[in-house]
Amino acid sequence: MLRNLLILGVLAAASASFPMLYQSNPQMFEGLLKSAVGARPAVETDLNLAAVPDRPAQPLGRKVVIAADARGHFTSAFKLNGRQVDGMIDTGATLVAINSSTARRIGVSLNASDFKHQVNTANGAIKAALVTVDRLQIGKITVDGVQAVVLDDKALRTNLIGLSFLQRLEKYQVENGALLLVQ
């Protein structure tokens, strides 16, 4: 019985240390793999690289990858309070920003007196209304109770997903021309 526990302990320690060893020296493992695979006869395959799409694959789970458009912007369809909305993810925006017509469409009703907060935009200072969006969803990622500002339609043509959403994710990062969102 003690011998079985000792063997089990050694196997558990070896399997737990394998990822750390791989990260510290991946070339060693690649060499071992090549030597193991090299013993098999090579099989020729005819690959058509032109058929492979030039965009990142969509990860499974609660991750979303958004490819940059031709201008380098991360535009996407998302849902606000269950309604489909188009917009742009803006890592430089402090808050989610939506225009008045989008606010009405997602069920946020505002009065002129609600536009009492001054916000600084790329086009200068403007009055805005501070609201909470019940639910913001991009792909499989959903965040409830997201703080947002509503701006006049003339001041904001494109809805922006800012840091009030992004900072509530586990991670967001730009790499290889794509934005990765992880919840």
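Any value given below was found using the heavy atoms of this structure, including those in side chains, with hydrogens, waters and symmetry copies removed.
- Following chains of ILVMFWY side-chain contacts shorter than 4.5 Å, one can reach Val131 starting from Phe78, so the two form part of one hydrophobic cluster.
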Side chain to side chain contact (heavy atoms under 4.5 Å, CB included) evaluation trace for Leu169 with Val182: CA-CA 6 Å; Leu169 301 178; Val182 180; over 6 Å; no

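- With a 4.5 Å cut-off on side-chain heavy atoms, Val149 and Leu130 count as touching.
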Step-by-step side chain to side chain contact (heavy atoms under 4.5 Å, CB included) determination, Asn81 to Val133: CA-CA 7 Å; Asn81 293 347; Val133 175; 3.5 Å; yes

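- No donor-acceptor pair under 3.5 Å is formed between the side chain of Asn99 and the backbone N or O of Asn159.
- With no hydrogens or angles considered, no side-chain donor-acceptor pair links Ser113 and Asn111 at under 3.5 Å.
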Criterion side chain to side chain contact (heavy atoms under 4.5 Å, CB included) on Ile138 and Ile66, from CA distance to verdict: CA-CA 10 Å; Ile138 300 177; Ile66 301 169; 4.2 Å; yes

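- With values rounded to the nearest 0.5 angstrom, Gln173 atom CD is found 9.0 Å from Leu179 atom CG.
- In this structure, CZ on Arg104 lies 9.0 Å from CG on Leu110, to the nearest 0.5 angstrom.
- Linking Ile, Leu, Val, Met, Phe, Trp and Tyr whenever their side-chain heavy atoms come within less than 4.5 Å leaves Val150 and Ile126 in two separate clusters.
- Between Thr158 and His73, the closest side-chain pair of non-hydrogen atoms is not below 4.5 Å.
- Under the 4.5 Å side-chain criterion, counting only non-hydrogen atoms from C-beta, Ile106 is in contact with Ile98.
- The two residues Asn120 and Ala125 have their closest heavy-atom pair at OD1-CB, 3.7 Å.
- More than 12 heavy atoms of other residues, nucleotides or ligands sit less than 6.0 Å from atom NZ of Lys127.
- A pairwise comparison of heavy atoms in Phe115 and Ser100 identifies CZ-OG, 4.0 Å as the closest pair.
- Residues Val119 and Met88 fall within the same hydrophobic cluster, defined by Ile, Leu, Val, Met, Phe, Trp and Tyr side chains chained together at heavy-atom separations under 4.5 Å.
- Grouping the Ile, Leu, Val, Met, Phe, Trp and Tyr side chains by contacts below 4.5 angstrom, directly or via other members, places Leu136 apart from Leu160.
- The side-chain contact (heavy atoms from CB on, under 4.5 Å) with Tyr172 is formed by just one residue from the set Ile141, Val64, Leu163; it is Leu163.
- Residue Phe74 is not grouped with residue Leu156 when hydrophobic side chains (ILVMFWY) are merged at heavy-atom distances under 4.5 angstrom, including chains of intermediate members.
- Annotation: salt bridge (charged side-chain N to carboxylate O under 4.0 Å, His left out) contacts of Asp144 (sequence neighbours excluded): Arg135.
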Side chain to side chain contact (heavy atoms under 4.5 Å, CB included) between Gln183 and Val143, worked out: CA-CA 9 Å; Gln183 187 176 36; Val143 175; 3.8 Å; yes

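- Heavy-atom minimum distance, Leu166 versus Ile161: CD1-O, 4.3 Å.
- Taken to the nearest 0.5 Å, the CG atom of Leu151 stands 13.0 Å off from the CZ atom of Arg157.
- When all heavy atoms are compared, the tightest approach of Val96 to Phe165 is CG2-CB, 3.9 Å.
- Closest approach of Arg168 and Gly145 over heavy atoms only: NH1-O, 2.9 Å.
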